[in-house]
Every structure is written in C-alpha cells, then in structure tokens.
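Notes to accompany the following structure.
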Amino acid sequence: MDAGRLSTESTIAQWLEHPSGRAILIDVLARRGPDVRALYAIQTLPLSSIVTLSRGNVTEEQLNLLVEAANHSGSQTPASPERAHLFPSVPPPSPMDWKEGIIPGRFRGKTVIVTGAGAGIGRATALRLAKEDARVVAVDLNTLRMEALLENPAAHGTIGIVADLNSESDIQRIMSAAGSDIDGLALIAGVSDDLEPLHEVDDEVWERIFRINVTGPFRLSRQVIPAMLSRGAGSIVNLASQAGLRGSVGGAAYTAAKHALIGLTRSGAYTYSARGVRINAVVPMPTRNSLDSNYGFPGGLGPLPAASLVPADLEAAAVAAPVTYLLSDDAVSVTGALLPADEGWSVG
C-alpha cells in the first residue's frame, strides 16, 4: 500500500498520524456516539477492529467511506455526496496535548487546605497549588501516600497531615497547622460504593459512604468557615460527582451522598455570599483516583467516558485546574457554581 494512503487495515495509530485521516476519523466517530478518546488506547489495532469494538455503532460500510474520504481529502470536490460532511476544518487535538498552565505567584501568601491530597485529584490539586506558591496544608488518611507527596520536589512549602475528618482531634490538628488565616479549602477526599441498588445497601456501607463524603467535609467546613468570615474572604471547593446530578452513575449510597454534598455547596453559597466566602463544586467524570470501589465500570451507567485511557496524572491535573481556578481570586464573582470537568460527558 502507498505510504500516504490509508485502508481499513491501517492501524489506528496510522490514522491518527495522518493529516487528513485523523480529522476525518475523529469527526465521524464523534457523530456515531463512541467516545473518540478511546482511540488512543487501541492505536495498535487496525481500523477494522472498530466494527467489533463499537458493537454495531460503526459499520464496515461506514469505515469504507472513511477510507475513501481520507484518500481523496485533497480534492476540492468530494467523490460522493455521502462524504460531503467528512471534512472538518481543523483536526481536534489529542487528549495528550494539554499541559498545565501554571501561574506563578497566583497563591503567594495564601494558605489552602486540601483533603485527599495523597492521590488522584487531591494530589494534583495540592501540587498545582504549591507550584503557584500557595502554602498548602495537605491532608490524607494514608501515611505512605502523604510521604510520597511530600517527597515530590513540586510540593515545596507543603505541610502534611495524616488525619481523619471524622475525628475532632484530627480536625483540630489540621486547623492548628493551617493557622488563623485560611484562604481556601479544597475538599477532595471521597469514597464510592460498588453500584449497589437501594435494597442491597446495608447500614455499614451507607454510614461509611456518608461519613467520608458528607459528614467529614461538613465537619471541616464548619471549622474553617468562621476563620474565613473573620477575614471577610475565603473560597471552598467541594469535589462533587456526576452521581450528584444523575441517578445512573453510582450506587444508591454514593448517589445520595453526592446529592447531599451539592446541597451543602448551594446552601453555603447562599448563606455566605454576602460575607465574602465563596463555595463552589467541581463535577468531574469518572476518573482514576483513590476511590476504592467499582465506580466507573459498566453497570447501568450508559456510555462511559474514556478518561481512564489518558495517563492518570494528566487526567487528575485536568480536574485540578478548575478546582484551583475556583480557589483563586480569578473566580472572585463565582459562588454556588457546579462546574463540570467532564469534557462534555454530562451533556449527552
């Protein structure tokens, strides 16, 4: 085969590297429903494998049209009416192309508490804040994860606290480490269930899910807010979930807990907006983090995002970016917002 021509037996990597093939492939698959980011995980397979992997959403005939379109993309006139829509003006970027836009000094002189800082989105948030010169009080239950965070050169100026938000003495240790001037609180720590329906949830699971996802954030917020009110300024960001907006993402306990967390976000935003304290929530799609569950895998969830196909650190950093924005003074007029960080997954 001509090196510049594509076929259904060309690998997906070859299609993604081809100047017109990549644009046409991603454009057409986006119209058919599959999450096109999944392509980056199956780059070594031939294009023809999509027929099987898509379970009928993409047919062999459609792939043949793609081949015809890609190999005639230089023509001013499409070879057939069926291909008239296969010519997007600009190829979409690879999900690997994004890089953190660090803003040095954005948090200089500010103290921010981050829970769940030992892994996933919490770790990415703590590191992003440290890179932007915040004094970070990093909180996590896991000693080894905390040690690993503090050993990271980017975590300069970070104070590590191994603590349980449902222990009053641990909360007091966090407050003591933070001091009286607390500018931000990122409540990232959380745990999910195993997609259990309501009639299968036992008391232990229900209480554990609510203790970690709702009661812990409530107790730490209850301590932090008076310190913020005394200064007339502060920002709290809760990490919510699509399960807080929909009924088809998690089990009964996790869904109810994330709905409750969104309720706390909205209630607090309303109560404290006139007193300078902003409370918002970031709503990510399922991501690889420290949640110990089957959350994010098929079980009545509908079409799943393919974020797990992107490197975990990059994935977490992409969610940490809106978290740090809401913590910053750049979001001075934003409160009560539920900010999706899901690449449009929740729109469908």
Side-chain angles (χ1 to χ4, degrees), residues 29-42 50 52-58 95 116 120-122 187-217 237-267 280-310 312 315-316 318-319 322-323 336-348:
L29 292 190
R31 296 169 188 267
R32 302 296 176 193
D35 191 316
V36 296
R37 289 167 296 168
L39 293 173
Y40 293 91
I42 55 174
I50 291 178
T52 301
L53 294 173
S54 70
R55 297 181 180 180
N57 284 330
V58 180
I121 297 168
L187 292 157
I188 311 297
V191 65
S192 186
D193 55 23
D194 289 325
L195 300 173
E196 295 171 327
L198 193 152
H199 73 284
E200 294 181 6
V201 179
D202 60 33
D203 289 350
E204 182 180 354
V205 169
W206 179 268
E207 290 167 4
R208 177 172 181 260
I209 296 299
F210 267 79
R211 184 173 67 251
I212 296 173
N213 290 305
V214 183
T215 307
V237 179
N238 290 311
L239 191 74
S241 164
Q242 292 293 325
L245 304 175
R246 304 160 61 175
S248 61
V249 176
Y254 186 71
T255 299
K258 287 300 184 179
H259 273 72
L261 186 64
I262 286 175
L264 283 177
T265 300
R266 287 173 161 162
S267 174
N280 296 286
V282 169
V283 186
M285 57 190 164
T287 56
R288 283 175 294 174
N289 50 42
S290 58
L291 292 182
D292 181 18
S293 71
N294 291 329
Y295 175 58
F297 290 89
L301 302 183
L304 285 170
S308 60
L309 304 174
V310 177
E315 179 186 86
V319 178
V323 172
L338 305 179
L339 178 58
D342 62 6
E343 300 185 16
W345 184 55
S346 59
V347 178

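One-based numbering along the sequence shown.
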Report yes or no: does [X] contribute a side-chain atom to a donor-acceptor pair with the main-chain N or O of [Y] at less than 3.5 Å?
{"X": "D342", "Y": "P284", "answer": "no"}
{"X": "N280", "Y": "A337", "answer": "yes"}
{"X": "D193", "Y": "G251", "answer": "yes"}

Rounded to the nearest 0.5 Å, how far apart are [atom1] of [X] and [atom2] of [Y]?
{"X": "W206", "Y": "R211", "atom1": "CH2", "atom2": "CZ", "result": "14.0 Å"}
{"X": "N213", "Y": "H259", "atom1": "CG", "atom2": "NE2", "result": "13.5 Å"}
{"X": "E196", "Y": "T255", "atom1": "CD", "atom2": "OG1", "result": "11.5 Å"}

Where [X] and [Y] come nearest, the two heavy atoms and their spacing:
{"X": "F210", "Y": "A253", "value": "CE1-O, 3.7 Å"}
{"X": "K258", "Y": "S241", "value": "CG-CB, 3.7 Å"}
{"X": "A252", "Y": "P197", "value": "CB-C, 4.1 Å"}

Could you list the residues that satisfy side chain to side chain contact (heavy atoms under 4.5 Å, CB included) with [X], not counting sequence neighbours?
{"X": "T215", "value": "N166, R219"}
{"X": "D202", "value": "E204, V205"}
{"X": "I262", "value": "A240, L245, R266, L338"}

**Item:** Result of checking L187, I212, I188, L239 against P217 for side-chain contact (heavy atoms from CB on, under 4.5 Å)
**Value:**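 Answer after filtering L187, I212, I188, L239: L187.
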
**Prompt:** What do the steps show when you test V214 against L264 for side-chain contact (heavy atoms from CB on, under 4.5 Å), and what is the final call?
**Reply:** CA-CA 9 Å; V214 183; L264 283 177; 4.1 Å; yes

